[in-house]
Structures are given as structure tokens and as C-alpha cells.
Number of protein chains: 2
Amino acid sequence: MLVQMPSECVIGVDLGGTKLLAGAVDADLRVHHRAMRPAQAPAQGAVLARVEEVVREAMDAVEAEVAAVGLGIPCLIDLRTGVAVSSPNLGVLAGAPVRDLMAERLGVPVYVDNDANAALLAEARAGAARGVSDAVLLTVGTGVGGALLLDGRLYRGSQGAAGELGHMVIEADGPRCQGACPNHGCLEAMASGTALAREARAAATAEPDSALGLAAAAGREVTGALVTDLAHDGDAVSIAVLELIGTRLGVGIASLVNIFNPEVVIVGGGVMAAGELLLEPARREMALRALPPSRDRVKVVATRFGAESGMLGAAVLALDGLAGA
Amino acid sequence: MLVQMPSECVIGVDLGGTKLLAGAVDADLRVHHRAMRPAQAPAQGAVLARVEEVVREAMDAVEAEVAAVGLGIPCLIDLRTGVAVSSPNLGVLAGAPVRDLMAERLGVPVYVDNDANAALLAEARAGAARGVSDAVLLTVGTGVGGALLLDGRLYRGSQGAAGELGHMVIEADGPRCQGACPNHGCLEAMASGTALAREARAAATAEPDSALGLAAAAGREVTGALVTDLAHDGDAVSIAVLELIGTRLGVGIASLVNIFNPEVVIVGGGVMAAGELLLEPARREMALRALPPSRDRVKVVATRFGAESGMLGAAVLALDGLAGA
């Protein structure tokens with residue numbers, strides 16, 4: 001199908017912990033150009049310069065007029081001022097008036113929100129939470145992020161810091177979490193990509209004759225991506241490691257189902273490259289633990305837009321911002 | 001102070017798992033008469049007859065005109081129809097059109113909601129969540145119930161079943177929960193009055209020379225109430241049991257603080273007879289586990305209205321219903 005270039009576009013930008021993705025997106029959420037960069041940079045100015053660069057690439061690639069830019073960043077945002085109040089994973093942005101700095105650099109209106117909120121916004125507009133009032137999003141990557149759609153609106157809490165679903169405890173005496181989180185046994189400590197790699201290293205040592213063990217012995221770095229590849233190739237040990245992580249995810253999802261009685265729990269993030277190898281045990285564990293009727297109502301599904309949820313959601317921010325929503 | 005009898009009252013009724021409390025309440029939430037009965041009855045008709053009886057006692061005791069009745073019951077309620085869809089703790093009401101049956105019996109409008117929602121409504125109107133937009137209520141009794149005030153409104157979820165905060169997991173491999181809950185290691189299994197009595201029995205056996213051990217050896221039933229009395233009298237073993245339960249409660253509260261970024265977490269229910277002996281360790285554990293800025297913002301406090309939160313909230317239901325809210 002030939003997609004006609006619209007007269008007007010916005011640029012959606014997803015600034016993740018590792019990748020920076022921009023897309024030129026029209027009002028129907030069709031993507032007309034994508035641009036990508038690494039996200040990490042040593043200083044605030046360098047991060048913002050890279051965002052400007054990726055946005056300008058996307059702007060130049062489309063003939064349409066770019067009316068606004070939406071930016072999803074892994075920070076606690078003060079929505080009133082557009083300041084990144086704090087950020088566990090991109091500390092150089094802490095305190096930066098990101099909205100105003102980027103608007104000055106780009107000369108168009110800029111709208112900023114948390115990246116997980118942006119991802120849920122895209123899924124709510126046109127993806128796995130379309131037509132849904134109550135949805136929970138989990139992003140399972142290096143860490144575990146979250147966002148909440150409650151009574152049809154993003155829920156932010158009293159300071160904009162709500163939705164830290166990765167820091168819900170599932171094992172009170174479990175391992176210490178990472179980064180700025182002082183918790184033990186929270187979902188991020190137990191079921192993130194980091195936990196996946198940790199469990200995979202243990203499994204490689206315990207099962208040296210497995211494909212995973214052999215790969216480790218051959219000097220390959222044992223990452224979540226490696227386990228996922230080997231599991232897709234049929235390695236039983238790798239499948240079991242993903243099942244362990246999926247089951248733990250299911251414990252957390254059971255809690256979320258009991259708390260929110262949502263119509264859908266949507267799982268995204270890099271670890272979802274494992275797809276049903278992760279989701280199926282998560283669903284099974286949730287069904288063993290959650291209460292009716294919530295348990296029977298809820299669907300546990302992957303994001304529709306995968307790695308592009310955040311970028312598309314940032315575009316929705318910009319479109320809604322222009323519309324005065 | 002002489003409280004002038006108002007010209008109009010409502011009756012608020014809290015139908016708990018064990019007690020049935022009715023109050024004649026004016027528009028300023030002053031209680032002009034209280035009536036109490038045991039809640040349990042063998043059949044649906046007998047429960048409803050007892051509710052009618054207690055309401056009529058309160059009606060007869062006040063000279064004011066009674067314009068409506070509010071009813072908080074431990075059930076999942078279909079708010080549109082006033083039917084008690086299901087109830088783990090008061091199964092005889094499951095399926096009953098409680099609102100319409102009671103309105104027929106009483107001849108005045110009747111408003112029905114879940115008892116924990118009613119309690120939070122009272123605290124939001126005039127208690128520990130007054131002037132607050134985002135609050136979490138936990139009721140710690142035989143079980144652990146919950147209610148959520150989010151963006152200034154009670155949050156109910158997609159089927160009215162949200163707020164089952166007692167069935168949030170804190171110890172994935174913990175003990176099996178009670179009643180209809182298939183979960184393991186959820187807050188109700190770990191930190192309810194039932195869990196308190198279980199841990200107290202274990203402590204009485206392990207420490208036979210403690211006041212708790214001696215009371216058990218003398219044939220007294222080891223209940224949450226006994227532990228609380230002995231703890232207030234200074235028994236170190238009883239204090240330690242309450243500290244264990246409070247710490248577990250704090251694990252769950254840390255999760256709730258990370259999820260909701262609330263201004264206040266309010267703890268009520270029978271176990272709160274222990275007061276600060278329970279709340280202080282809960283606060284301490286929450287502070288060790290939750291993330292800033294939520295951790296530094298939130299207050300963890302007792303309900304203002306104690307055992308009367310539910311009854312007063314039911315009165316608020318009736319007052320709001322009359323006002324067309």
C-alpha cells in the first residue's frame with residue numbers, strides 16, 4: 001500500500017536507557033521515517049544535542065511540516081514545568097528543564113512525559129489497550145518499568161512518581177535490587193533482564209552440557225539475548241530459565257490483577273523478545289494466584305507496538321498537545 | 001457540648017465479617033445513636049432481617065427524619081444494580097440484590113458499597129485522607145482488605161473488584177492464604193489477624209516463660225487481642241510478634257507506595273488495636289524499601305474513625321446519594 005505523505009507530522013522520540021529512537025508520525029500513527037542513536041552520553045548537553053540530532057534527521061526526511069515534538073524519557077517529570085525531576089537510569093538529565101531546552105533548540109512546541117507512560121499511551125490509542133479503561137503496562141528490560149491506565153486516564157500519583165511496578169516486592173528476603181532502589185526481592189530484582197542474565201549464568205554453570213553451558217564455556221557473554229536465542233532454538237535449560245523469570249513475573253502480575261482488576265496487563269521491553277516463552281508461564285502463575293472475577297477477566301498480552309511503543313506514544317503526546325488535550 | 005438534634009439524618013450501616021454496626025448520622029457526620037448486632041447468620045434472609053432490625057433501632061432512637069440508609073458490606077458490589085456479586089467472607093449474600101431488598105424492607109432509598117470503600121470514603125470526607133487526592137486504605141482484621149482513592153475518586157477497576165490489597169504477594173513461597181484466595185504469601189496470609197494469632201501461638205510455644213507463653217499454658221486462647229493486651233502490658237515476646245507482623249505490613253506498604261505515590265496510607269481494622277506497636281515497624285520497613293520521592297512524601301497513619309470508619313462511610317454514601325453525587 002502506498003502511504004501518502006500527510007501535510008503535517010509530529011516527531012515522537014523515545015529516549016531509553018540504551019537506545020534513542022525518533023519517528024516522523026502522522027495523525028493516524030503511521031511512521032514515515034525512523035532515526036536511531038545510542039542514548040548514553042557523558043553529559044546533559046550531549047544527551048540533548050543527540051536528541052536534537054535525531055529529531056532533525058527525522059524532520060529532514062519528511063516533506064511534511066513538523067508541528068511538534070513529543071519526548072518520552074526515563075525520568076520522573078514535573079508535567080507542569082517539563083523538568084526532569086529525577087532519573088535512576090539517566091542521571092545526567094536530573095534537574096534539566098527538558099521541555100523548554102528542547103523547544104528552544106528545535107523551534108517547535110515540545111511535550112515531555114515518562115517513557116513508560118508514553119508506551120502505554122500508544123497502546124491505549126491504537127494497540128493492546130485500545131478501547132480499554134483499566135490497563136497495566138510492564139516494561140521488562142534492564143530494569144522493570146510500569147505505567148497505569150485507570151478509569152481511562154494515565155495515573156501519576158501525588159508527585160508524578162506512581163507506576164513503579166518494578167519495585168513491588170514479590171519475595172521479601174530476595175536479592176537486593178539495583179541502582180537507586182534500596183528494596184529486596186522486588187520485581188526488578190527478580191524478573192528483569194538483569195535477573196534473567198544472573199539466572200542464566202547460574203544455569204550455565206549448573207548445566208555445562210546444555211547449549212547455554214557450552215556457549216558460556218566457549219566464552220560467549222551470557223546475556224538475556226543469548227538465553228532467548230538459545231531457547232528459541234530449543235535449548236531446554238534456556239527455556240527453563242525463561243520459565244523461571246516468567247513465573248516470577250506472573251507472581252507480580254497476580255498482585256497487579258488483585259490490586260487493579262484491569263482488563264489487560266501488557267508486557268513490553270527488551271526481554272519480551274522471548275515472547276510466549278516468557279508470557280505463557282507468567283499467565284499460568286497469575287491464574288494460580290489471582291482472585292476471581294479479576295483473574296478470569298484479565299488478558300495478559302504483549303505490547304502491539306513492541307520496541308516502538310515508546311516512540312509512538314511520544315508522538316501521541318505531541319498530537320494530543322497540539323490538539324489542546 | 002450539647003449536640004442539637006438535626007431535622008434530618010441518615011443511617012450508616014457497617015456489615016463486617018463479625019459485627020453489624022448502625023449509626024444515625026447527620027450531615028456533619030455527627031453520630032446521634034449507635035446500634036450493634038452480631039453479623040453472622042445462617043441464611044441470606046436472616047442477615048437482611050438483622051440489618052433491618054439494627055436500622056429500625058437507630059431510626060426509632062432519633063427524632064429526626066431518616067431520609068436514606070447507606071450500607072457497607074464485605075462484598076463485590078455491582079454499583080449499577082446494587083447486587084452483591086460475590087463475597088469471600090459473607091457468602092450467604094452472594095447474588096442478593098441487597099440494595100433493592102433493603103429499600104423494600106425499609107421504605108427509604110438505600111445505597112450500597114463495599115465496606116472498605118465506605119471506610120475510605122469516611123476518612124476522605126473528614127478523617128485521615130481529608131483534602132487528599134491519592135490515598136490507600138488497608139483494613140487489617142481477620143483478613144486484609146483495601147481501598148483506593150486515586151485522583152480524588154474511589155478506584156474500583158473494570159468490574160468493581162479492584163483494591164484487593166490483602167492479596168498482593170510479599171513472599172512468593174509463603175503460606176497458603178485463607179478462604180477463597182488460592183495465593184501463597186500474600187499480605188493476608190502473612191500479616192492479617194489470622195497470621196498474628198498463628199505467629200503468636202508459635203511464639204508462646206517457643207517462649208514458654210514469657211507472659212504470652214504462660215497465658216497459653218494456663219489455657220487462654222492465643223488470639224490477636226491477647227497478644228495486643230500483653231504487648232501493651234510490656235511483654236517483650238508479644239511486642240516482638242507485633243513487630244514481625246508490622247514489618248511484613250511495611251513490606252506491602254512499600255509496594256503500595258511505589259505503585260501509587262500516595263499522600264497517605266491509612267491502616268484500620270481490628271488489629272490496629274495494637275496502634276504504634278504495629279505501625280512503627282511498618283513505617284520503618286517501608287522507609288527501608290520504597291523509592292524516593294514517594295517514600296519521603298507519604299504518611300503512614302491510623303484511621304481517624306477506627307472501628308466506626310465503615311459505618312460513617314456508609315452514612316456518607318447515603319448523604320451523597322441523596323445529594324445526587
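Throughout, a chain's letter reflects where its sequence line sits, starting with A, and its residues are numbered from 1.
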Inset, instruction - Against chain B, label A:R248 side chain, backbone, both or neither, depending on which of its atoms sit under 4.5 Å from a heavy atom there. - result: neither
Legend entry - Residue pair A:E171, B:D173: steps toward the side chain to side chain contact (heavy atoms under 4.5 Å, CB included) verdict: CA-CA 8 Å; A:E171 188 75 50; B:D173 301 318; 4.0 Å; yes
Inset, instruction - Could you list which of residues 130-141 of chain A have a heavy atom closer than 4.5 Å to any heavy atom of chain B, in residue-number order? - result: A:D134
Legend entry - Separation of B:N261 CG from A:R156 CZ (nearest 0.5 Å): 12.0 Å
Legend entry - Interchain contact, A:L187 with chain B, by part (heavy-atom threshold 4.5 Å): neither
Legend entry - A:L165 CG to B:S255 OG distance, which is reported to the nearest 0.5 Å: 10.5 Å
Legend entry - Side chain / backbone / both / neither for A:P182 at chain B, heavy atoms under 4.5 Å: both
Inset, instruction - To the nearest 0.5 Å, tell me how far A:I259 CD1 sits from B:F260 CZ. - result: 5.5 Å
Inset, instruction - Could you tell me the separation between the OG atom of A:S158 and the CZ atom of B:R297, rounded to the nearest 0.5 Å? - result: 4.0 Å
Legend entry - Distance in Å, A:C177 SG paired with B:L291 CG, rounded so as to fall on 0.5 Å steps: 8.0 Å
Inset, instruction - Side chain from CB out, backbone as N, CA, C, O: work out which of these in A:A180 comes under 4.5 Å of a heavy atom of chain B, or both, or neither. - result: backbone
Inset, instruction - For A:R289 and B:A172, indicate whether the former's side chain and the latter's backbone hold a donor-acceptor pair under 3.5 Å. - result: yes
Legend entry - Best-contacting candidate, B:C181, B:P293, B:A254, B:G163, against chain A by heavy atom pairs under 4.5 angstrom: B:P293
Legend entry - Heavy atoms of other groups near A:R176 CZ, more than 12 under 6.0 Å: yes
Legend entry - A:L150 portion near chain B, given a 4.5 angstrom heavy-atom threshold: both
